[in-house]
Engineer: 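Okay, here's the structure, questions in a sec.
First listed ligand is number 1; within each ligand, the first listed atom is number 1.
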Amino acid sequence: MTTAAGPTLARTRAELDAALAAPVVARRERHARAVVMTMGALHAGHLSLVRHARTLADRVVVTIFVNPLQFGAGEDLSRYPRDLEGDLALLTGEGLLGPADVVFAPTPEVVYPDGDPWVRVSAGALGETLEGAVRPGHFDGVLTVVLKLLHLTRPDVALFGRKDAQQLAAVRRMVRDLDVPVEVVGVPLVRDADGLALSSRNAYLTADERARALALPRALRAGEQAAAGGAAAGEVLAATRDVLTDAGLDAVDYVVLVDPDDFTPVADDRAGEAVLALAARVGTTRLIDNTAVVLGRTGGGA
Ligand code: PAF
């Protein structure tokens, strides 16, 4: 289905192939096609990925697919928000996607025609730590669908948000380990005016929970300031945790400083880049957030 000025909406593999075969005016030398993968319920964070993709490629493919494989037993797949019409309106608004672009919104039967796949990608150690420890099998499910969507859309470049920093690290690792011919680009996360990182899950927060959730970005800022002042990893973590404790957030899953590439905890005397990541439950909603810090600065100052 195509609208006059908007992108092609492809619901099947055949429709996707036809849309990708359509000629596109090549304006850039390097990237002909970029993909942004989403599960829908789009917000400004997703739109910033699409906007970034627009700067890199002549054809942008946005996939909208709620992937059953990455939901655990206790996680409510049926409760996940779905609003294809709303998503399309956002994508076509402000001319974000044009006639050369494609929105691929398949059903589970299109993505998994033989039912649950027998063969899946394993995220290895990255799938067992932090988010992977709390959500067993989650990253295997993510990587399996990401690899399938890469095969189906055949992009030159794939963009992922830094908000899901562990997911980004896992995708990068899969691409490296399995020699997948695509360039992976990480795009900075987007925050609301009050500092909360944009997430589809924010919609579940009551006003009071949202106010309490602001302790997460506040805690990260405290960690950033400690790192900028030359604090060692342990002190950065303590500064971050203190803010969460003072705010009365007692359901904190983790506060960690990890290597950006493999998400292993950094040593206390680490110098160089690290990801300060945390996860906490506010009410019944589990939120994650992170920021990049540089450790081992001497002499203080930001
Ligand atoms: O980040 C997401 O929305 C999903 O994990 C992804 C990458 C679209 C795979 O289903």
Engineer: Give the numbers and elements of all ligand 1 atoms closer than 4.0 Å to a heavy atom of V145.
Structural biologist: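 The list of qualifying atoms is 9 (C), 10 (O).
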
Engineer: Taking the six-membered ring of Y204, is the NZ or CZ of R79 close enough (under 6.0 Å from the centre) and on axis enough (within 45°)?
Structural biologist: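 So R79 does make the cation-pi contact.
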
Engineer: Tell me whether E273 at atom CD has more than 12 heavy atoms from other residues, nucleotides or ligands lying less than 6.0 Å away.
Structural biologist: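 No, not enclosed.
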
Engineer: Do F71 and Y80 have ring centroids that are under 6.0 Å from one another?
Structural biologist: yes

Engineer: Among all the protein's non-hydrogen atoms, which is closest to atom 3 (O) of ligand 1, and how far away is it?
Structural biologist: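 Looking at atom 3 (O) of ligand 1, the protein heavy atom closest to it is M39 CG, 3.6 Å.
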
Engineer: Check this for me - ligand 1, Q167, N or O atoms closer than 3.5 angstrom, yes or no?
Structural biologist: yes

Engineer: Within the side chain of R172, is there an N or O that forms a donor-acceptor pair under 3.5 Å with the backbone of V184?
Structural biologist: yes

Engineer: If we ignore angles and hydrogens, is there a donor and acceptor under 3.5 Å between the side chains of D208 and T206?
Structural biologist: no

Engineer: For T38, counting its heavy atoms only, list the atoms of ligand 1 lying under 4.0 Å from any of them.
Structural biologist: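 That gives atoms 8 (C) of ligand 1.
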
Engineer: Measuring from atom 4 (C) of ligand 1, which candidate in H46, M37, H138, Q70 has the nearest non-hydrogen atom?
Structural biologist: Q70

